[in-house]
Amino acid sequence: MQILNLISKKRSGGILNKEEIGYIVKGFVEEEIPEYQIAALIMAIFLKGMSREEISSFTQALALSGEIINWTGIEGKRVDKHSTGGVGDGTSLVLAPLVAAAGISVPMICGRGLGHTGGTVDKLESIPGFKTDLSIQQFIEQIKQIGVAIIGQTDKINPADKKIYALRNATATVESIPLIASSIISKKIAGGADVLILDVKVGKGSFIKKKDRAKKLAELMIEMGKEFGIKTMALITNMDYPLGWMVGNALEIKQAIDVLKGEGPENFKELIFCLGGWMLVEGNRVKNIEEGKELLKELIEQGKGLEKFEQMIVAQGGDSRVIDNPDKILPQAKEKIKIQTLQQGYLQDLDARKVGVAAMLLGSGREKVDSLIDCAVGIQLHKKVGDTVEKGETLATFHVNNQDKLHLAQEMFLSGCRITKRKPKKISLIYEEIK
Ligand code: URA
């Protein structure tokens, strides 16, 4: 087989068979096929799409590029959750320990930031010492001991997705239904999940802008989950506006701690209780979603979710003093710059993509495969859509270390804010549940 022929086959809309896909994925992981050829192939997939069979073969090849975690002999169901990517979406940071506190095992395999969206792995690494590249043995042991662990793809667990994910981020090939579905489901196959709850984001700040495409992606992943023995369901949720108050790695850790302490933003908590409630229902821990939500609220009130988060930080080598002293332990930006408005009225729009891009311009995301990110920087929002705004009021605080692109970030942010005299309609956060 010749990689050049396979790239041109895909470029002309041809269908790659299972052997061809296996050859490409193996060749990339073993460094026989260079990154630039895979980048060209991914762009061809992005433009031409993939058949249903190709998606399954690609997903399987990604998962089999490393080991599949074997949980035989370890009791209970393993329940995971994954989001297709959003702005301010730090829900996994709260859900994993909180659901584990209810007695369910949550072995989570996540990713780094993609495009203008943040990644759970980058966020957790802003806690000094926190390791996201555990060995398989350490991952299994941690689940046995405390019921929760969050890692990224490693050289042993889905190495192909690790490399392709980073490449997609640097080649503007993220927004592709086959590539998103295969990336997510391959991680869940590799992690040996029994149950998966998907948060499929739709709207300005999502990789998927339209509800019909979000539904198509959700249905595809549900079907694939079932094909690979994972009981899967999806929530379609609103990503027109950022979730919560914080956008940035360390800032989102601080917010997750607040939520586990019973504080934090309402829209964020609404989503936590809904996704977490379904994790408990589908994991057979409770009978219905209302019971699930109640249990999660109780666990927060009793401090059990926070306790579990602390145990996970300790187990993964992080500095657990972050729980009591987030501002002291997490990296802090040198400057805090207020972004004010000269208008008066209602905040009609706060474009999630523009907020995410502004945070990236401050240094929270990557432009190249090997770009270094700055965990301390980001955007703290003070107003949400629907709020009244007075002249001179602060809309957000930028946490800044390097002023090089500050002006661009300010312009980007303000171009996403629309203030009008008309009171906006109430926003729905959760559009649909699909099984
Ligand atoms: N999350 C993933 O793991 N992969 C994607 O492609 C998008 C979101």
Side-chain angles (χ1 to χ4, degrees), residues 25 38-39 41-43 45-46 49-50 54-56 58-63 65-66 80-93 95-96 106-124 132-133 150-154 157-191 193 196-203 205-209 213-214 216-218 220-222 224-225 228 230 232 234-237 239 243 252 275 352-353 356 360 365-366 369:
V25 171
I38 298 297
L41 180 82
I42 292 171
M43 184 56 84
I45 294 174
F46 182 91
M50 273 179 148
E54 275 181 307
I55 300 174
S56 277
F58 190 55
T59 304
Q60 205 171 10
L62 293 177
S65 68
D80 201 348
K81 168 262 162 190
H82 204 96
S83 154
T84 56
V87 176
D89 179 10
T91 50
S92 294
L93 301 167
L95 279 168
V106 187
M108 217 179 237
I109 302 183
C110 300
R112 296 193 178 276
L114 260 189
H116 62 280
T117 70
T120 306
V121 169
D122 291 331
K123 293 171 197 177
L124 282 169
T132 57
D133 59 349
I150 305 181
I151 59 169
Q153 317 95 317
T154 69
I157 305 171
N158 208 338
D161 182 57
K162 183 179 179 187
K163 294 182 79 174
I164 292 173
Y165 190 95
L167 204 50
R168 282 170 59 211
N169 190 40
T171 54
T173 49
V174 174
E175 300 94 335
S176 147
I177 286 185
L179 292 176
I180 295 175
S182 53
S183 165
I184 292 178
I185 300 297
S186 65
K187 281 193 275 292
K188 306 303 145 183
I189 300 171
L196 171 61
I197 308 298
L198 292 164
D199 182 3
V200 178
K201 303 271 182 214
V202 61
S206 165
F207 300 122
I208 307 292
K209 310 287 180 218
R213 271 176 57 80
K216 192 173 153 198
L217 174 59
L220 172 64
M221 290 196 285
I222 290 169
M224 288 167 68
F228 293 103
I230 307 168
T232 305
L235 266 62
I236 311 245
T237 71
M239 192 25 77
L243 195 63
E252 290 186 47
L275 289 165
R353 193 189 71 83
M360 257 186 103
R366 294 178 186 78
V369 170

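Numbering of ligands and ligand atoms starts at 1, following listing order. In this chain, residues are counted from 1 in sequence order.
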Assess whether side chain to side chain donor-acceptor pair (under 3.5 Å) is satisfied between T154 and D133, documenting all intermediate values.
CA-CA 6 Å; T154 69; D133 59 349; over 6 Å; no
Indicate yes or no for a side-chain donor-acceptor contact from H116 to the backbone of G205 under 3.5 Å, with no hydrogens or angles considered.
yes
I180 vs R168 side-chain heavy atoms within contact, under 4.5 Å
yes
Would you say I177 and I208 make side-chain contact, with heavy atoms under 4.5 Å?
yes
Sequence neighbours left out, what passes side-chain contact (heavy atoms from CB on, under 4.5 Å) with N169? Give chain and number order.
L114, R366
Value for CG (D80) from SG (C110), rounded to nearest 0.5 Å, stands at 7.0 Å
I need the contact residues for ligand 1: any residue with a non-hydrogen atom closer than 4.0 Å to the ligand, ordered by chain then number.
H82, S83, T84, L114, Y165, R168, I180, S183, I184, K187
